[in-house]
Amino acid sequence: QVPLVESGGGLVEPGESLRLSCVASRSIFSIAIMGWYRQAPGKQRELVAAITRGDSTKYADSVKGRFTISRDKAKNTLYLQMNSLKPEDTAVYYCNARGTSGDYWGQGTQVTVSS
């Protein structure tokens with residue numbers, strides 16, 4: 001019943017890497033724009049990265065050069081490769097699919113970057 005399911009979060013030290021995955025139904029995955037958002041304690045949810053069906057990508061300035069968003073259309077899966085992680089990246093990360101009639105959201109996966 002959950003439209004999007006994230007996984008791959010965890011606790012890592014600064015400088016380490018994680019890869020997040022988001023599995024969607026085929027119909028939802030076919031939506032033109034998908035992305036990753038994150039929300040840290042006491043802060044608003046923000047867009048981290050987005051990708052179109054044509055594989056055009058955009059990134060928040062804070063993650064450019066460190067994060068890479070991609071999608072595997074055969075597996076209906078969205079990925080976020082997170083390298084050189086910083087404590088400021090600590091947040092709950094959410095998968096999103098932007099439909100013409102509204103957005104679909106995953107339940108979130110926790111990423112904690114700490115020494």
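Computed from a predicted model, the values in this text were never measured in an experiment. The residues of the chain are indexed from 1 along the displayed sequence.
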- Message: Within the 3.5 Å criterion, strictly below it, is a donor on S27 or S25 matched to an acceptor on the partner's side chain?
- Response: yes
- Pairs in or reaching into residues 97-111: which pass salt bridge (Lys or Arg N to Asp or Glu O under 4.0 Å), with residues at least two apart or in two chains? R98-D103
- Task: Hey, could you give me each pair passing side-chain hydrogen bond (donor to acceptor under 3.5 Å, both in side chains) that has a residue in residues 3-17? Not counting sequence neighbours.
- Result: E6-Q107, S17-N83
- Quick one: pull up OG1 in T77 and CG in L4 and give me the separation to the nearest 0.5 Å. 10.5 Å
- For W36, the option from L47, I69, I51 that meets side-chain contact (heavy atoms from CB on, under 4.5 Å): I69
- Task: Evaluate side-chain contact (heavy atoms from CB on, under 4.5 Å) for F29 paired with V23, printing each intermediate quantity in order.
- Result: CA-CA 8 Å; F29 197 78; V23 180; over 6 Å; no
- Message: Between Y79 and Y104, is there shared hydrophobic-cluster membership here, with clusters defined by ILVMFWY side-chain heavy atoms closer than 4.5 Å?
- Response: no
- Note on the structure: Shortest non-hydrogen pair, I28 vs A97, comes out as CG2-CB, 3.6 Å
- Query: Which atoms form the tightest heavy-atom contact between A91 and A40, and what is the distance?
  - Reply: CB-N, 3.8 Å
- Query: Is any side-chain heavy atom of T90 less than 4.5 Å from a side-chain heavy atom of Q110?
  - Reply: yes
- All heavy atoms of S84 vs all of R66, minimum pair found to be O-NH1, 3.0 Å
- When rounded to the nearest 0.5 angstrom, what distance separates CG in L80 from OH in Y37? 13.0 Å
- Check step by step if salt bridge (Lys or Arg N to Asp or Glu O under 4.0 Å) holds for K64 and D61. CA-CA 5 Å; K64 286 181 179 177; D61 289 341; 3.0 Å; yes
- More than 12 heavy atoms from other groups under 6.0 Å of NZ on K75: no
- For A49 and Y59 the tightest heavy-atom approach is CB-CD2, 3.6 Å
- Parallel, tilted or perpendicular, as decided by the 30° and 60° cut-offs, for the rings of F67 and Y93: tilted
- Task: Enter the distance from Q81:CD to L18:CG here, rounded to the nearest 0.5 Å.
- Result: 8.5 Å
- Item | side-chain hydrogen bond (donor to acceptor under 3.5 Å, both in side chains) pairs, two or more places apart, involving residues 49-58 | none
- Are V111 and L20 close enough that some pair of their side-chain heavy atoms sits under 4.5 Å apart? yes
- If you round to the nearest 0.5 Å, how far is SG of C22 from CG of N96? 9.0 Å
- Taking the side chain as C-beta and beyond, is there a heavy-atom pair between R38 and V63 under 4.5 Å? yes
